[in-house]
Amino acid sequence: MKNTTSYEYIKELLSKGSREDGRKSNDFRKYTIEKGTMPNAEGSATVNLGYTRVIAGVKVVLGSPMKDRPNEGNMAMSAELLPLASPDFETGPPSPEAIELARVVDRGIRAANIIDLPKLFIEEEKVWDVYTDLYVLNFDGNLFDACTLAATTAILSARMPKYENEQVIREGNLGKLPLTGNMVTSCTFGSVAGNMILDMNANEESFASARLTIANDENVVRAMQKGLEGSFTEKEVADMLEVTFEKSKELRKSINNSIGE
Amino acid sequence: MSSSQEKPQLIVDGKRLDGRAFEELRPISIKTNVIRNAAGSAYIEWGTNKILAAVYGPTEALPKHTADPERAVIKCRYMMAPFSSLEDHGRTGPNRRAIEISKVTKEVFENVVLLENFPGTEINIYVEVLQSDGGTRAAGVTAAAVAMASSGIPMSDVPFGVSIGKIGDTLVVDLNKIEDNYSDADMPMVIGPKQGNLLLLQMDGNLTKEEVTSAISLAKKAGEVISKLQSDALKEPYLKTLEKYKNEAPSQQGNKE
């Protein structure tokens, strides 16, 4: 449902280089990242991005390796758009939106090799599986970037259970989940009335014709996903890449601050 | 479960493993208005349980065949996050346990919400357990009741939940996870404090007739504490406003008594 009054208002603001909440086109909303919010999980993080709030929870469990990769562990990502987070989210099996969200966040983290999967090998036919669940607790747009921040922080701060005498030990003196030292963040842009804007809130998203998520680390792009029916020009994509590499410095710093390293 | 392990001693020197007395609740804190998109919401920390509850509605009941022309229908979803327990990754989606808890929770609110005020509508209750340590259904109903009240939907009472257990021959209030795993009985209850009636009652293990009666009295006694916390949580946002106007009042003119 398009609220035309509001669309006209947003369009007019954007033509003057401004937005509803006073931000410039390439500003993130205020955000906070807190690790370890759900201590029963091996890793967890809560992210508030404007009024969007998500939790990532990491569980590390015994599993078996994939046939084509017998010597390494696995990672899996899923997302729940909880009906408690928005009147538009419904109870039931994951929607295509939830599946896209989980897969895009998964791709960035997987492509950046954040988890050292070969070190998750235990013995023949026995490896560790790392499950990351993304829980959306309140929806106000840009779940991609909020979830990538939460998932990355939860994984980077996760502890590692032990496997001793055929028993999984989850408490006591535990080490850290094996990591490679890499990190990934994402920036999601929308095209609203012909303007490229970063970090759309829910209202802006409802008027976006196209959306692009770019996940990157310090050096390279790790994952991208274009969404919605509109399109981007080559120049627009180049500009968004430029902004992403600039903005991601601050995002990585915030993650590092929150994990205290 | 941990049934393969040896049963730990749950009571040592008259105290429980976490140092509590037999009739002592875990620390509880409740906060309202935590989910901006919801009509009403509450976050409860009960021991190390962390639970979010939200209420949406009343809205048109959909699909239409679920509507009741005489009154509102309540729909409820209780779920545990797959990362909520210290053990393995939980299954995604509701299991049989979650569906049963959703049902008995729904029935609590069918009792206390003034359904006939909103014919043809549905009211949705969502209880999401983010971290669990035993007693989540009682804590969930306690939070959902605060969420419902904070939404402004009229209720005849604000119910609270608590579980009473038996360890050996001793009745104890508010079992945590490890006590629940090894206790001799567990009896979760939800009570409407005005009449003291039982709105939810489940039990498993072994209890004598006398113990059942005692357990109900213990639950009511614990409820005095829980109800106070619920009502404080509901008042809290208004206290701020009240404070603000108290401070502003003297500067206003023409405000003669």
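Computed from heavy atoms alone, side chains included, the values below leave out hydrogens, waters and symmetry copies. Numbered from 1 within each chain, the chains take letters A, B, ... in sequence-line order.
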Tell me whether A:Lys59 contacts the main-chain N or O of B:Ser84 through its side chain, where contact means a donor paired with an acceptor under 3.5 Å. no
Taking atom [atom1] as the centre, does [X] end up with more than 12 heavy-atom neighbours from other residues, nucleotides or ligands that are less than 6.0 angstrom away?
X: B:Asp13; atom1: CG; result: no
X: A:Arg103; atom1: CZ; result: no
X: A:Tyr51; atom1: OH; result: no
X: B:Arg97; atom1: CZ; result: yes

So which bits of residues 103-135 of chain B come within less than 4.5 Å of chain A, counting non-hydrogen atoms only?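 Hits under 4.5 Å: B:Tyr126, B:Glu128, B:Leu130, B:Gln131, B:Ser132.
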At under 4.5 Å between heavy atoms, what parts of residues 34-51 of chain B are in contact with chain A? List them by residue number. B:Val34, B:Ile35, B:Arg36, B:Asn37, B:Lys50
Can you say whether the rings of A:Tyr131 and B:His89 are parallel (under 30°), tilted (30 to 60°) or perpendicular (over 60°)? parallel
Is any side-chain heavy atom of A:Thr132 closer than 4.5 Å to a side-chain heavy atom of B:Phe83? no
Quick one: which residues of residues 86-93 of chain A reach chain B at under 4.5 angstrom, heavy atoms only? A:Ser86, A:Pro87, A:Thr91
Please state whether the side chain, the backbone, both or neither of A:Pro161 comes within less than 4.5 Å of a heavy atom of chain B. neither
Acceptor/donor pairs from residues 115-125 of chain A side chains to any protein atom, 3.5 angstrom cut, sequence neighbours excluded:
{"from": "A:Asp116", "atom 1": "OD2", "to": "A:Lys119", "atom 2": "NZ", "distance (Å)": "3.4"}

A:Leu82 and B:Arg77: CA distance, side-chain angles, deciding distance, side chain to side chain contact (heavy atoms under 4.5 Å, CB included) verdict: CA-CA 10 Å; A:Leu82 298 180; B:Arg77 163 183 141 127; 3.4 Å; yes
d(A:Glu171 CD, B:Leu86 CG) to nearest 0.5 Å is 4.5 Å
